[in-house]
Amino acid sequence: DVKVTQSSRYLVKRTGEKVFLECVQDMDHENMFWYRQDPGLGLRLIYFSYDVKMKEKGDIPEGYSVSREKKERFSLILESASTNQTSMYLCASNGQKYSPLHFGNGTRLTVT
Amino acid sequence: GENVEQHPSTLSVQEGDSAVIKCTYSDSASNYFPWYKQELGKRPQLIIDIRSNVGEKKDQRIAVTLNKTAKHFSLHITETQPEDSAVYFCAAISNRDDKIIFGKGTRLHILP
């Protein structure tokens, strides 16, 4: 069974801090994604990656960056956290374009 | 880029009745349409999907229909049960940019 693991379930950070959200998958998937989930706004795509060292902007990349140095790991970076980045962050992966997304459990980030 | 609209945002149906959730998409190059179910406190999971070369697909009590001309697809749940209570997300994938774009979600309540 595919396992997508996000390093933290809950995280509290201060405004201006640099924040790293880590995601690891164990199924050798090519594709990895970062979404944020907010009530009434659904799942919005921040960044995605189809290969090591490759990244593509999603619909809301502002204020975020990503890193994919190894195939199994995709990190989301908040360069300078702001209160409007308080949200649930979901990492996902799949092996092919038209195959199911496997989601992690999510990281609930609070920026104060 | 792709835009996916989902309606209604909330839906309440009596146990045993049918539920229908509708989505529209904007990009005619979109060719894959998955549906995800997210139970409270859990990660989204794929429940059914449909490709653009098929008009309808069924899996037990769940069916999805696609109208490519109208850029419209729907999820149908028959004989609803308490365990169907969840948030449902539709999504679309375009050939143009490979993004997986989600609708805003529908919270389905099954009433006893």
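When reading the values below, keep in mind they use all heavy atoms of this one structure, side chains included, and skip hydrogens, waters and symmetry mates. Order of the sequence lines fixes the chain letters, A, B, ..., with proteins taken first and strands second; residue numbering starts at 1 for each chain.
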Using non-hydrogen atoms and a 4.5 Å limit, figure out which bit of P44(B) sits close to chain A: side chain, backbone, both or neither.
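Backbone plus side chain of P44(B), per the 4.5 Å heavy-atom cut-off to chain A.
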Report yes or no: do [X] and [Y] belong to one cluster of Ile/Leu/Val/Met/Phe/Trp/Tyr joined by side chain heavy-atom distances under 4.5 Å?
| X | Y | answer |
| --- | --- | --- |
| V19(A) | V12(A) | no |
| F103(A) | V4(A) | no |
| I110(B) | I62(B) | yes |
| L11(A) | F74(A) | yes |
| F33(B) | I48(B) | yes |

Choice from I101(B), I100(B), V87(B), I93(B) maximising heavy atom contacts with chain A below 4.5 Å:
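Heavy-atom pair counts peak at I100(B).
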Got a list of the donor-acceptor pairs under 3.5 angstrom between chain A and chain B?
from: Y35(A); atom 1: OH; to: I100(B); atom 2: O; distance (Å): 2.7
from: Q37(A); atom 1: OE1; to: Q38(B); atom 2: NE2; distance (Å): 3.2
from: Q37(A); atom 1: NE2; to: Q38(B); atom 2: OE1; distance (Å): 2.7
from: Y50(A); atom 1: OH; to: D98(B); atom 2: O; distance (Å): 2.5
from: D59(A); atom 1: OD1; to: K99(B); atom 2: NZ; distance (Å): 3.2
from: K97(A); atom 1: NZ; to: N95(B); atom 2: OD1; distance (Å): 2.9
from: K97(A); atom 1: NZ; to: D98(B); atom 2: OD1; distance (Å): 2.8
from: Y98(A); atom 1: O; to: Y32(B); atom 2: OH; distance (Å): 3.4
from: Y98(A); atom 1: OH; to: N31(B); atom 2: OD1; distance (Å): 3.1
from: Y98(A); atom 1: OH; to: N31(B); atom 2: ND2; distance (Å): 2.9
from: Y98(A); atom 1: OH; to: N95(B); atom 2: OD1; distance (Å): 3.2
from: L101(A); atom 1: N; to: Y36(B); atom 2: OH; distance (Å): 2.8
from: F103(A); atom 1: O; to: R43(B); atom 2: NH1; distance (Å): 2.8
from: N105(A); atom 1: OD1; to: R43(B); atom 2: NE; distance (Å): 3.1
from: N105(A); atom 1: OD1; to: R43(B); atom 2: NH2; distance (Å): 2.7

Can you name the closest pair of heavy atoms from F102(B) and L101(A) and give their distance?
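In terms of heavy atoms, the two residues are closest at CZ-CD1, 3.9 Å.
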Region of L45(A) in contact with chain B, defined by heavy-atom distances below 4.5 Å
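L45(A) touches chain B through side-chain heavy atoms alone.
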Can you tell me which portion of L90(A) sits under 4.5 Å from chain B's heavy atoms? Options are side chain, backbone, both or neither.
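The answer is the side chain of L90(A).
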At a heavy-atom distance under 4.5 Å, which candidate from G104(A), G106(A), P39(A) has the highest pair count against chain B?
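Top count of heavy-atom pairs under 4.5 Å with chain B: G104(A).
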